[in-house]
Structures are given as C-alpha cells and as structure tokens.
Amino acid sequence: MPGGKVTMWHAILMFGGKNKEIIYPNPGFPIYESVINYTGAKAVPMILEDKTDFNVDIENLKSLINKNTSLIILNSPSNPTGGLISKIDMDKIVEILDENPHVKILSDEIYSRIVYKGNEFTSLLSYPEIRDRLIVLDGWSKTYAMTGWRIGYSVWPTKYVKMSERLNINSFSCTNTATQYAAIAAIQGPQDCVDDMNQIFERRGEMISKELNSIDGFSCNSSKGAFYVLPSIKKTGLTSDQLQDFLLYQLGITTVSGKSFGEFGEGYLRISYANSEENIKEAISRIRNFLEDNKWENAKN
Ligand SMILES: Cc1ncc(COP(=O)(O)O)c(C=O)c1O
C-alpha cells in the first residue's frame, strides 16, 4: 500500500455504507470519522478520556455494539493520545468480539514498534479466533521514519484480499518500485536504529509531560507509545482552537487542536514530540515567558 492510510480507506469503504455503524476512537486519527461519514455509515464514537488514562472503557464499548455494527476500529499505540491498550484490556475486547461474530475489526498498528518501557504492545494478530475478520494496518512511516516514501502494508483475511486488490488496481495500480526496494532495505537492515529512535522518543516524552505539567492550566498524562501527548488545556479557559491558533500565530509553536481529532478532543491539545529536545525546550520556555507577564485569558485577544 502507498502508506498506512490506504488500508483504512479500503476497510471503511468495504464495511461502511447506509444502515451500517462503525465504532471508532474519539479523539482519534481524523480520517476514520471522515471516511465513515463519506460512506454514509453512522460514525459511533468510542470516547477516550484523560481521567482514565485514555484507556478503552470496555463496558461502554460493549454497549455501543448492535446488529448494524459492521466494523470496530482500534488504534494502539494511539495518535493523538499516546495511550496503549494493555494485554488485559485486549483480552476483554476480544471476548466482546467473540460474542459479536458479525463485527469486523480494523486494527491500526502503525505505531506497533514505538512503545516505551513498562508497556507491552499487543497485536490483535495474536488472537486466532478473530483472524477471519481482522484487518491489520501497519507500515514504514513511523517505525523507519519513512513518512514521505509512502509505503505501508496490511494483513487481510483471505476472503477479502481479492476485494482489496481490486481497489488497489482501480486506484493507485501499485506502490512505486524504488520505494518498495527502500522498504525491503529497511526491514532487512540492522534494526538498532529503531531501538535508538525509541529511546530518544521515550526521553522526550517523559520530558515533555513533566514540563507541560508545570505550566499553569495544562495537565498531561504520560505517553506510553507513539510520539504524542494530549494534555488537557481546559483550565486555561481557552478552547482548543483558540489555544492552537494563539501558540502558532503569537508564539510560533505548532500544535494541533484536540478538536481536529473529533468532538471529544475539545479541551485537549495534541503535541508531537517528533522534534528535537532543544526545540521542545524552546517552545516550553516561550509559553513560560508569555505567562510571566500575562494570563491565558489575554491570549483570547
Ligand atoms: C494512527 C495513524 N494511522 C495511520 C497513519 C497513516 O500513516 P501513513 O503516513 O503511512 O499513511 C497515521 C499517520 O499519522 C496515524 O497516526
């Protein structure tokens, strides 16, 4: 696939449509909700909250499933929350899926290799009982920092491969050859660069949540994987969009409003720490300097 995104496009097109319901994480990767809506299916948010460390509320998930549910989308480690679904929770989710054999699953595992100490990544591929209705999305963008190369892969149940192949042929034909060779080189070459990158991400992740927690109005959970934190900014008194725009236009700091990740992202700000420690510290110090002379209230103007 030319990137990870294409797999979600295919899976949602296949299982979406009128009278279907698709459960997806909210806040979550924006493309899920957008494509669900495009197909005419009902987008059913599975709400993730900082007060429960962005974990899936298992009982709530159970209550969202009905006979029209065609697909559940899971994403662990998560963009934008930096959360991770534990093995214990994954077991419980699979139990629910066992009780609902009509539901297909799209597991977005694009951050599978970016997981920090004390946390363990659990792939849904390790549950043979759901293999005949599981689509796994992964790729090179994150693990090998090859975002611009546009290459990803997915694992499909045999019965859906032909459909996915048809969508490929009718849209992009194939992934470009040079990129395919680069992808082979990445997986066959030494892997210590991935571990080294993870260590750096982990250090930055710890630093950024500590620093953010010391800023008035911010409250930040620690990141378990991927390279994001999603601090709550509710106590600044600003909306996510207001704060995003203020940081960008007044202080020169790029973040993404939580609202861009769905309705339940309001009150949060997504921060990527795929940037140097030096730049992150600079950004934090600009916020501190601003706050020394002002209150967040003044940022509204
Ligand atoms: C959760 C998630 N899934 C999929 C993708 C898409 O990856 P790609 O750039 O390979 O299309 C991203 C990219 O940011 C992502 O955050």
Side-chain angles (χ1 to χ4, degrees), residues 1-12 24-25 27-35 73-84 106-116 121 123 135-155 167-168 171-205 208 223-230 244 248 253-258 260-262 265 269-280 283:
M1 299 290 195
K5 262 184 194 165
V6 190
T7 298
M8 62 185 82
W9 173 249
H10 285 194
I12 301 170
Y24 71 103
F29 194 55
I31 315 315
Y32 307 142
E33 187 180 350
S34 166
V35 184
I73 303 174
L74 296 171
N75 171 220
S76 169
S78 154
N79 177 11
T81 71
L84 178 118
L106 169 62
S107 186
D108 183 343
E109 303 186 357
I110 196 106
Y111 296 100
S112 59
R113 296 280 302 278
I114 307 181
V115 175
Y116 306 137
F121 168 70
S123 172
I135 300 145
V136 172
L137 176 167
D138 206 332
W140 279 256
S141 312
K142 317 298 174 185
T143 306
Y144 300 103
M146 286 171 63
T147 45
W149 291 80
R150 305 313 305 144
I151 184 146
Y153 67 89
S154 35
V155 181
L167 286 168
N168 285 3
S171 53
F172 57 83
S173 297
C174 70
T175 306
N176 105 43
T177 313
T179 288
Q180 292 191 45
Y181 280 112
I184 293 170
I187 51 176
Q188 289 184 342
Q191 300 297 303
D192 33 340
C193 54
V194 177
D195 299 330
D196 293 349
M197 184 179 70
N198 271 354
Q199 275 178 14
I200 295 170
F201 275 144
E202 180 159 2
R203 213 175 47 229
R204 282 188 210 154
I208 202 166
S223 179
K224 295 176 187 162
F227 36 76
Y228 308 108
V229 280
L230 190 73
Q244 165 200 265
L248 179 62
I253 303 166
T254 312
T255 60
V256 183
S257 159
S260 299
F261 297 88
L269 202 63
R270 197 212 58 177
I271 301 179
S272 160
Y273 47 90
N275 204 326
S276 67
E277 218 167 299
E278 192 190 346
N279 280 348
I280 295 168

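Computed from a predicted model, the values in this text were never measured in an experiment.
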Please answer whether the main-chain N or O of Ala186 pairs with a side-chain N or O of Gln191 as donor and acceptor at a distance below 3.5 Å. yes
Output yes when a side-chain donor or acceptor of Asn75 lies under 3.5 Å from a complementary backbone atom of Pro77, and no otherwise. yes
Could you tell me whether the side chain of Phe121 reaches within less than 4.5 Å of the side chain of Tyr111, counting heavy atoms only? no
CH2 of Trp140: more than 12 outside heavy atoms within 6.0 angstrom? yes
Side chain to side chain donor-acceptor pair (under 3.5 Å) evaluation trace for Arg270 with Asn79: CA-CA 9 Å; Arg270 197 212 58 177; Asn79 177 11; 3.0 Å; yes
If I take atom CG from residue Asn198 and atom SG from residue Cys193, how far apart are they, to the nearest 0.5 angstrom? 10.0 Å
Working for side chain to side chain donor-acceptor pair (under 3.5 Å), residues Ser123 and Glu109: CA-CA 7 Å; Ser123 172; Glu109 303 186 357; 2.8 Å; yes
Rounded to the nearest 0.5 angstrom, the CD1-CD1 distance for Ile73 and Ile12 is 4.0 Å
In terms of relative ring orientation, are Tyr273 and Tyr116 parallel, tilted or perpendicular, with 30° and 60° separating the classes? tilted
Counting C-beta onward and ignoring hydrogens, is there a side-chain heavy-atom pair between Tyr153 and Val136 closer than 4.5 Å? no
Can you see which heavy atom on Lys224 is nearest to which on Leu84, and at what distance? CB-CB, 3.9 Å
Taking Ile110's backbone N and O only, do any of them form a donor-acceptor pair with Asp108's side chain (distance below 3.5 Å, no angle check)? yes
Show your working on side chain to side chain donor-acceptor pair (under 3.5 Å) between Ser154 and Thr7 and close with a plain yes or no. CA-CA 7 Å; Ser154 35; Thr7 298; 2.9 Å; yes
What's the separation between atom CG in Asn275 and atom CZ in Arg204, rounded to the nearest 0.5 Å? 7.0 Å
Intermediate values then yes/no, side-chain contact (heavy atoms from CB on, under 4.5 Å), Val35 and Met8: CA-CA 8 Å; Val35 184; Met8 62 185 82; 5.8 Å; no
Would a 4.5 Å heavy-atom cut-off, applied to side chains only, mark Phe172 and Met1 as touching? yes
Side chain Ser171, main chain Leu167, donor-acceptor under 3.5 Å: yes
What heavy-atom pair brings Ala283 and Ile253 nearest, and what distance separates the two atoms? O-CD1, 3.4 Å
Between Gly262 and Glu33, the two heavy atoms sitting closest are CA-OE1, 4.0 Å
Donor-acceptor pair, side chain of Thr81 and main chain of Gly83, under 3.5 angstrom: yes
Would a line drawn from the ring center of Tyr228 to the ring center of Phe261 be shorter than 6.0 Å? no
Shortest non-hydrogen contact between Ile151 and Ala183, atoms and distance: CD1-CB, 3.8 Å
Point-to-point distance, once rounded to the nearest 0.5 Å, from CZ of Arg150 to OG1 of Thr179: 9.5 Å
Check against side-chain contact (heavy atoms from CB on, under 4.5 Å), Val155 and Ile135: CA-CA 6 Å; Val155 181; Ile135 300 145; over 6 Å; no
After noting the C-alpha distance and the side-chain angles of Met197 and Tyr144, does the key distance pass the side-chain contact (heavy atoms from CB on, under 4.5 Å) rule? CA-CA 9 Å; Met197 184 179 70; Tyr144 300 103; over 6 Å; no
CG of Asp138 to OG1 of Thr143, rounded to nearest 0.5 Å, is 5.5 Å
When you look at Leu137 and Leu106, which way does the side-chain contact (heavy atoms from CB on, under 4.5 Å) test go after all the steps? CA-CA 7 Å; Leu137 176 167; Leu106 169 62; 4.3 Å; yes
Which pair of non-hydrogen atoms, one from Asn168 and one from His10, has the smallest distance, and what is that distance? OD1-CE1, 2.6 Å
Nearest 0.5 Å, please: how far is OG in Ser260 from CZ in Phe29? 12.0 Å
For a quick test of reading the model, state the closest non-hydrogen atom pair linking Gln244 to Ser257 and the distance between them. OE1-N, 2.8 Å
